[in-house]
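Protein chains get the first letters and strands the later ones, always in sequence-line order, with residue 1 at the start of each.
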Amino acid sequence: MLTLKIIQENRDFVIERLKIKNFQAENIVNQILDLDLKRRSTQNSMDNNQAELNKMSKEIGSFFQSGKVEEANLLKEKNTQIKELVKSQAEELTSTEKQLNELLVQLPNLPHESVPAGKGVDDNIKVKSGGKIPVLSKSAVAHWDLAKKYDIIDFELGNKLTGAGFPVYKGKGAKLQRALISYFLDKAIVAGYTEVMPPLMVNEDSGFGTGQLPDKEGQMYHVTIDNLYLIPTAEVPVTNIFRDEILQARDFPKKMTAYTPCFRREAGSYGKDVRGLNRLHQFDKVEIVQIQHPEKSYESLTEMVNHVEGLVKSLNLPYRILKLCGGDMSFTSALTYDFEVFSVAQEKWLEVSSVSNFESYQANRLKLRYKEEGEKKPLLAHTLNGSALALPRILAALLENNQTDKGIVIPEVLRPYTGFDIID
RNA sequence: GGAGAAAUGGCCGAGUGGUCGAAGGCGCACGCCUGGAAAGUGUGUAUACCUCACAAGGGUAUCGAGGGUUCGAAUCCCUCUUUCUCCGCCA
């Protein structure tokens, strides 16, 4: 979330910038500023009263020790009144802080100055494209047909075991999944990321830290009996590794990568691009995460974008990179680049990666801070993450784009991992 | 799942009702010492909030979390969480 300080010092600017995200903030901002005023005056008064109480307690103690019981009892009575007052002030403070927090959490992150205005996907800006769109024979079919033809992905079996959106990968299909995961992880490790295998379920605090809770609760599978959430992305557990931490500036950047399955309820997206691998409830993804010094976070963002581009290129997929407009950006992001690959048989661009700088927005929620050499006060770090990459749509594009009369040709870079060069 | 023990600052560890944000040690930072280093030695070393100039200074809170008793709690009581040991179960 945004810090109070930013809102206090840049009230009008905050309101203006959030309009880029199509968010009308004026009302909330005003309420926040009012509540903060109230909070401070309550705190101030309560502290003074508490100080008085503390002083009196010491006096009472010394009265008792010197046997002046009368004086002590007199003070005790006076004490009771102030105590009542402090108690009610404490309650007021708690409730004010709660209200304040509820409002703060409702404000999205400020978009970076370079973020274009826009309503939705059509207003995103193409910053780069590459790769060649292959020309397929007339008999070319979509990946769901290929999956069936070569018996590598079984959607119906997934239906039987679990439900729609939970496919079963079989034979060379399963091996190919594993190959992609290993390949992506190895590339991340070479690029300096430390591999972690995090839990696939997280608690509420973690969900809050990265911004999934409270707003996007409906997107996650909730294990109510233990109050845990299945992760929608490795971003959640991996970024939360650093929750409540104070790092040293010299430790930056922290670079972590993780492969995890991801679970998404995708509530409300029925019938919309859900065919085949396009949108699943469970899918595999390799994620890269960086915790970085605020002055260097945009360098890291570029580095991450380049890393992802390298992956897509190496798979020979036609791709384009989009800079998301304000209307299409996530709540928590300051700047996001999306990667899309072209899936030829469907004739569709499929989003396979989203690389974002959250600046201090998540860090503020996470209490993820760092100390500058020789400085006393901790400052908020910047967090970034990106998919590198999400598997299903990559797989969809690979299957469709690489189909030949003889079978599906495996890209060179994956062959050491698959052990075969064609699916036939 | 059952029984018992425990949870203190970056770490170890003292502290069973008052002057304890907390002894001592280690670590770390800076200084002295040294040709350099080690040893030695001196000083410093949590976080949030309020006041305030995001300075200095002052105040409040925090000894797993939350509540309670008390004029006063790290210290007593209750609830929860976590860890360890033993038993059961088990990949």
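Considering only side-chain atoms of K377(A), the nucleotide from rA61(B), rG59(B), rC54(B) that sits closest is rC54(B). Among the nucleotides rU47(B), rC49(B), rC71(B), the one closest to the side chain of D47(A) is rC49(B). Between rU47(B), rA61(B), rC49(B), one nucleotide has an atom nearer to the side chain of Q50(A) than all others, and that is rA61(B). Taking only side-chain atoms of I246(A), from C-beta outward, the nucleotide of rG59(B), rU47(B), rU51(B) with the closest atom is rU47(B).
Using a 4.0 Å heavy-atom criterion, one finds that K376(A) contacts the sugar-phosphate atoms exclusively. Within the nucleic acid shown, K371(A) comes within 4.0 Å of sugar-phosphate atoms alone, with no base atom in reach, counting heavy atoms only. Residue N54(A) is classed as a sugar-phosphate contact, given heavy-atom separations below 4.0 Å to backbone atoms only. Among the atoms of the strands shown, base atoms are found under 4.0 Å from some heavy atom of K5(A).
Taking 4.0 Å as the cut-off between side-chain N and carboxylate O, K148(A) and E156(A) count as a salt-bridged pair.
Under 4.0 angstrom from either OP1 or OP2 of rU70(B) there lies no side-chain N or O belonging to K76(A).
Between E400(A) and V141(A), the shortest heavy-atom distance links the atoms CG-O, 4.2 Å.
Atom CE of M201(A) has 12 or fewer neighbouring heavy atoms from other residues, nucleotides or ligands inside a 6.0 Å radius.
Between F23(A) and F331(A), the angle of the ring planes goes over 60°, which puts this pair in the perpendicular group of the 30/60° scheme.
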